[in-house]
*Asks:* 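Quick one: this structure, given as C-alpha cells, is what I'll be asking you about.
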Amino acid sequence: MSGMTIAGLAREGGVGVETVRYYQRRGFLKTPDRPEGSGSGGGIRRYGTEDVQRLRFIRSAQGSGFTLEQIGELLALDATDDRARAYELANERIAALDAKIEELQRVRTSLHRLARQCGSGSEGPCPILKAFEDVS
C-alpha cells in the first residue's frame, strides 16, 4: 500500500478524494510534497500505510460519534501520550451515547404505545398520525 495516489488513499480509507483534501486542510492528514522530475511518478503526491491508518482512525472515530474537533484533539494526543485526556474524551462520548440511548428508548416506548392503540381497532383517527400532527 506504499506509494499510492490520493485516489488510492481515498479508496483504501472508504472516502472520497475531496474528503481526504478536507482532512488535509484541517490538519488531520499531511499533504506530501510533490516529487521533482518528469519520470515515473514525477509531480504526483504519494501516500503510504501510515496515511491509510490515520484516515481509517478518523473515519472510525467519526463513526463512534466524535466531533471533528474531538478527533483533532485525539490525533494531537496520540503524539503526546496524554492518556488521561483521551480517557476523559472517551467518557464524555460514552455519556453522550448513554443520553441518546435513553432518549431513543423513551421514543421507542411511546411509539410502541401508539402502535398498540392504533392496532386496537378503535374508531377515530390513528393515534400515531394524531401524535405526529400535535408535534410542532
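Everything quoted here is computed from the prediction, not taken from an experiment.
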*Asks:* Between I128 and A115, what is the shortest heavy-atom contact and its length?
*Replies:*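 In this case the closest contact between I128 and A115 is CD1-CA, 3.9 Å.
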
*Asks:* Are I94 and L89 linked, directly or through other ILVMFWY residues, by side chains that come within less than 4.5 angstrom of each other?
*Replies:*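 Different clusters.
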
*Asks:* Atom CG of L111 and atom CG of L104: how far apart are they, to the nearest 0.5 Å?
*Replies:*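 One finds 11.5 Å between CG of L111 and CG of L104.
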
*Asks:* So, the side chain of R34 versus the backbone of R45: is there a donor-acceptor pair under 3.5 Å, distance only?
*Replies:*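 Looks like no, no N/O pair under 3.5 Å.
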
*Asks:* Closer than 3.5 angstrom, by distance alone: can the side chain of R93 be matched with the main-chain N or O of S64 as a donor-acceptor pair?
*Replies:*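 Between the backbone of S64 and the side chain of R93 there is a qualifying donor-acceptor contact (under 3.5 Å).
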
*Asks:* With sequence neighbours left out, write down each residue that passes side-chain hydrogen bond (donor to acceptor under 3.5 Å, both in side chains) with E18, or none if nothing qualifies.
*Replies:*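 R21.
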
*Asks:* For a quick test of reading the model, state the closest non-hydrogen atom pair linking G13 to R56 and the distance between them.
*Replies:*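 It is CA-CG, 4.4 Å.
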
*Asks:* Side chains of R59 and Q62: any donor to acceptor distance under 3.5 Å?
*Replies:*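 Per modelled atom types, Q62 and R59 side chains form a pair under 3.5 Å.
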
*Asks:* Are the side chain of E12 and the backbone N or O of L9 linked by a donor-acceptor pair below 3.5 Å?
*Replies:*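 Not confirmed, E12 side chain does not pair with L9 backbone.
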
*Asks:* I want to check something: taking the side chain as every heavy atom from C-beta on, are R85 and L74 in contact at a cut-off of under 4.5 Å?
*Replies:*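 No - every pair of side-chain heavy atoms lies 4.5 Å or more apart.
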
*Asks:* Between Y47 and I6, does a side chain to side chain contact (heavy atoms under 4.5 Å, CB included) hold up when you go through it step by step?
*Replies:* CA-CA 7 Å; Y47 299 84; I6 193 169; 3.7 Å; yes

*Asks:* Please evaluate residues Q70 and E92 with respect to the criterion side chain to side chain contact (heavy atoms under 4.5 Å, CB included), reporting the C-alpha separation (whole Å), side-chain torsions for both, the decisive distance (0.1 Å), and the verdict.
*Replies:* CA-CA 10 Å; Q70 291 169 325; E92 288 173 9; 4.0 Å; yes

*Asks:* Applying salt bridge (Lys or Arg N to Asp or Glu O under 4.0 Å), name anything that partners R26, two or more places apart in sequence or on another chain.
*Replies:*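 For R26 the salt bridge (Lys or Arg N to Asp or Glu O under 4.0 Å) partners, ignoring immediate neighbours, are E69.
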
*Asks:* Take atom CG in D33; do more than 12 heavy atoms of anything else shown fall under 6.0 Å from it?
*Replies:*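 No.
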
*Asks:* To the nearest 0.5 Å, how far apart are NZ in K30 and CZ in R54?
*Replies:*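 If I round to the nearest 0.5 Å, the distance is 7.0 Å.
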
*Asks:* I want to check something: taking the side chain as every heavy atom from C-beta on, are L55 and Q53 in contact at a cut-off of under 4.5 Å?
*Replies:*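 No - every pair of side-chain heavy atoms lies 4.5 Å or more apart.
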
*Asks:* Looking only at heavy atoms, which two atoms of L77 and A86 are closest? And how far apart?
*Replies:*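 Where L77 meets A86 most closely, the heavy atoms are CD1-N, 3.6 Å.
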
*Asks:* Kindly determine whether T109 and H112 satisfy side chain to side chain contact (heavy atoms under 4.5 Å, CB included), including the steps that lead there.
*Replies:* CA-CA 5 Å; T109 299; H112 268 298; 5.7 Å; no

*Asks:* With sequence neighbours excluded, what pairs up with R106 under the side-chain hydrogen bond (donor to acceptor under 3.5 Å, both in side chains) test?
*Replies:*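 In terms of side-chain hydrogen bond (donor to acceptor under 3.5 Å, both in side chains), with neighbours along the sequence ignored, R106 is linked to E102.
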
*Asks:* Kindly indicate, with the supporting measurements, whether the criterion side chain to side chain contact (heavy atoms under 4.5 Å, CB included) is fulfilled by I101 and E103.
*Replies:* CA-CA 5 Å; I101 289 167; E103 176 190 348; over 6 Å; no

*Asks:* Please answer: with hydrophobic residues joined when any side-chain heavy atoms are less than 4.5 Å apart, are L97 and L68 in the same cluster?
*Replies:*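 No, separate clusters.
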
*Asks:* Going from CD on Q24 to CG on L29, what distance comes out if it is rounded to the nearest 0.5 angstrom?
*Replies:*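 It is 6.0 Å, given to the nearest 0.5 Å.
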
*Asks:* Could you walk me through whether R83 and E88 pass the salt bridge (Lys or Arg N to Asp or Glu O under 4.0 Å) check?
*Replies:* CA-CA 9 Å; R83 294 175 71 143; E88 185 180 324; over 6 Å; no

*Asks:* Which atoms form the tightest heavy-atom contact between F28 and G72, and what is the distance?
*Replies:*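 Of all heavy-atom pairs spanning F28 and G72, the closest is CE2-CA, 3.4 Å.
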
